[in-house]
Amino acid sequence: MSITGAELFVKALKEENVDKIFAYPGGNITDILNALYKQNDIELILPRHEQALSHAADGYARSTGKVGVCLVTSGPGATNLVTGIATANFDSVPMVCFTGQVPTHLIGNDAFQEVDIVGITRHICKYAVTVRKRSDLASIIKKAFFIARNGKPGVVLVDIPKDIQMEFGDRHYPESIEIRSYKPNTSVHIGQIKKAVDILKKAKKPVFLIGGGVNIAHANEEMKKLAEKSNVPVITTIMGKGAIPTNHELFVGNIGIHGSFASNSAISEADVLFSIGTRFNDRITGKISEFAKNATIIHVDIDPASISRNIVVDIPIVADAKVSIQAITEKIDRLNTDDWLKQIKEWKEKYPLKMKSEGLTPQKIIETINRKFDNLIVTTDVGQNQLWTTQYIELDENKQLITSGGLGTMGFGFPSAIGAKLGNPDKTVISISGDGGVQMNIQELATAVAYELPVILCIFNNGYLGNVRQLQEFFSKGHYSCVCLKYDRNCDCTVAKNVPKAGCAKKPYSPDFVKLAESYGAKGIRVINEEDIEKAFDEAAKNTKTPTIIEFMIEREEDVLPMVLLGNPLNEMIIEK
Amino acid sequence: MLKKRCISLYVENEVGVLAKISGLFSGKSYNLDSLTVGTTEDSTISRMTICLTSDDQTFEQIKKQLNRSVEVIKVVDFTETQIHMKELMFIKIWDCSKNDKTDIFRIAQVYDLKVIDYDMSSFIIECTKSEEENNSIIKILNKNYPNRIEVVRGGNVAIEALKI
């Protein structure tokens, strides 16, 4: 018996074990939505904007390890996905996006809501394809999930014209697929591992530099074993944070232009840099010629194109992080790193990460989160809120951090928290945003209310696009151009703590986030004094049916420190203002 | 070291693959001298010949980026390989005097070019040579017949030589 393309779509997704689709309707996916209406295995989630939809699917995928699935209509539905696709693909998140398309006979006709979404997304996703024949539909969906999941995970876009959704055809969905042009490496070259281990064994000042690859491969347990067996300190990128518990004695801190002094110093002085799953992005290397210049560099990555791209690597190993870590652990013995660890400890004690002690500081807010919640997912937006969170958040087996590391997408934090909560109803999910980024997808409060998701949305409100303001403070002589978010758009009218100057407008900021939360049916709390941080989280934790906004009125010109100035080596850091 | 390089690329014969490959070069700011493409003996596979100028490190990265593209079946580096490589070129010359005509036939003879079409005062010459030789021929004809020639080139096509 033959079935429609839309029915085959539903069958295929069930066989791929998809349990949630993040969907926004439109004229060219009505057939698929109709087919989904007739079943109960796959739940449809309706966010309020397609960009947020894609971030929610992304957060769902990052927090569950499953493939995130998006379903949107043609034209604007599809173009609204673009930022979300680029965000997820940059951070190697497995995601499959289905877009409706105008009927095949209208393609190229400038039909209503027609756009060449495959052409638009070709270079920001792993694979993009239009289904041109009903008979290809099953194999293309199979291929899409295979490509998204395997090798370095990424985003696949499948564009399905309306007539193909309606056309009757074969009901068969293949169990497996062979793609001659895509055969990711699943093993590890033992010769290279042996070479790497021999070098590591001779090291006096070795460090592991761990990137997001270890978290993506879910190799945290293995990484902890390797660190403990070898007695080698672990430094992470922001995407790698949590690779081993942050309270572990071998964990040093984050590397990078806002990394810790101890980490950056250790990298600069190391004699062997053993890196796994990082691509040596410009935000972690500082001045490239000075980066780890004394070290023999070993680099494990699943993507050969990441190796020797930004820095020249001595021993390349192309393999999955988990497989390699296991192979290294087998061969390594305990190194005598006592002096080296002592040195790192001294650096840590000399310049610990800390903010000034008085007032309502982001450090105190994040440390309260660390204390109060032990089964937790934290998502961040992008900017200062993200950097403070990645500096101060404590992670372990039960605490995960989700952040847009590669693309740095504002508006990512809150919708990704919604996705994470949908995938992890038993965990506390906290989203940390600034007052700028949160307004890029604030409409998702409606989604969180509708699906009864008690996400806690912390807004660090300083009335500025703070990260750019900080750059202008350091690099543009304090010319704060285009960064003020106050009610008075030139920011002249307000001083610290949102107290209006005499003669200025009474309303210090816009919007009023507490009232905004209430208008959506959510709970809103404003915190002005540090004594109220704890209480606000207590109240939020009690609110189990709707989301809670906690707006923290932080110091307006707080900087993210320490900081490496552009073009400087990693260990030359500005520690204090 | 900055030098000329050549890649033979096996790709899936699908819609959009050419856009993917050419877009990869422009998107990542890789230089591209020429790119030719056509189907092979297997109609599901296309083969591209890509010529470019780059340093060693960039070239390694280009090969890796091509290799990681899902549509690419195989990347073969022809830079240090014995190959046969030719480029098809047509040249039209017009407003030729009687003397010009005699000269053009002589030039064709000396450089082994084929006159494939001519009328009272115009010629079309076909030329299948290396890219460098084609460059020289354009130079000569441009000098002899300034503003009177029209050139169309096909880009390099290469195949590995037989091993002796």
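Letters A, B, ... are given to chains in the order of the sequence lines, protein chains preceding strands, and every chain is numbered from 1.
Within 6.0 Å of CZ on B:F25 lie more than 12 heavy atoms contributed by other residues, nucleotides or ligands. In the displayed structure, A:R283 atom CZ is contacted under 6.0 Å by at most 12 heavy atoms of other residues, nucleotides or ligands. The neighbour count for B:Q82 CD, taken as heavy atoms of other residues, nucleotides or ligands under 6.0 Å away, does not exceed 12. At most 12 non-hydrogen atoms from other residues, nucleotides or ligands lie less than 6.0 angstrom from NZ of A:K195. The number of heavy-atom neighbours closer than 6.0 Å to NZ of B:K4, taken from other residues, nucleotides and ligands shown, is above 12. Counting heavy atoms of neighbouring residues, nucleotides and ligands inside a 6.0 Å radius, atom OH of B:Y111 does not exceed 12 of them. Within 6.0 Å of atom CG in B:D119, more than 12 heavy atoms from other residues, nucleotides or ligands are found, so the atom counts as buried in its surroundings. Sparse packing is recorded around CG of A:L566, with 12 or fewer heavy atoms of other residues, nucleotides or ligands lying under 6.0 Å away.
Residues from residues 135-147 of chain A that place a non-hydrogen atom less than 4.5 Å from a non-hydrogen atom of chain B comprise A:K143, A:I147, given in numerical order. Residues from residues 57-72 of chain B that place a non-hydrogen atom less than 4.5 Å from a non-hydrogen atom of chain A comprise B:Q57, B:Q61, B:K64, B:Q65, B:R68, B:S69, B:V70, B:E71, B:V72, given in numerical order.
There is no contact between A:K183 and chain B, counting heavy-atom distances below 4.5 Å. At a 4.5 Å heavy-atom cutoff, the contact between B:T44 and chain A is made by backbone and side-chain atoms alike.
Per-residue counts of heavy-atom pairs under 4.5 Å with chain B were compared for A:R309, A:R132, A:K152; the largest is that of A:R309.
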Stepwise side chain to side chain contact (heavy atoms under 4.5 Å, CB included) test for B:V17 and A:R122:
CA-CA 10 Å; B:V17 177; A:R122 185 173 285 131; over 6 Å; no
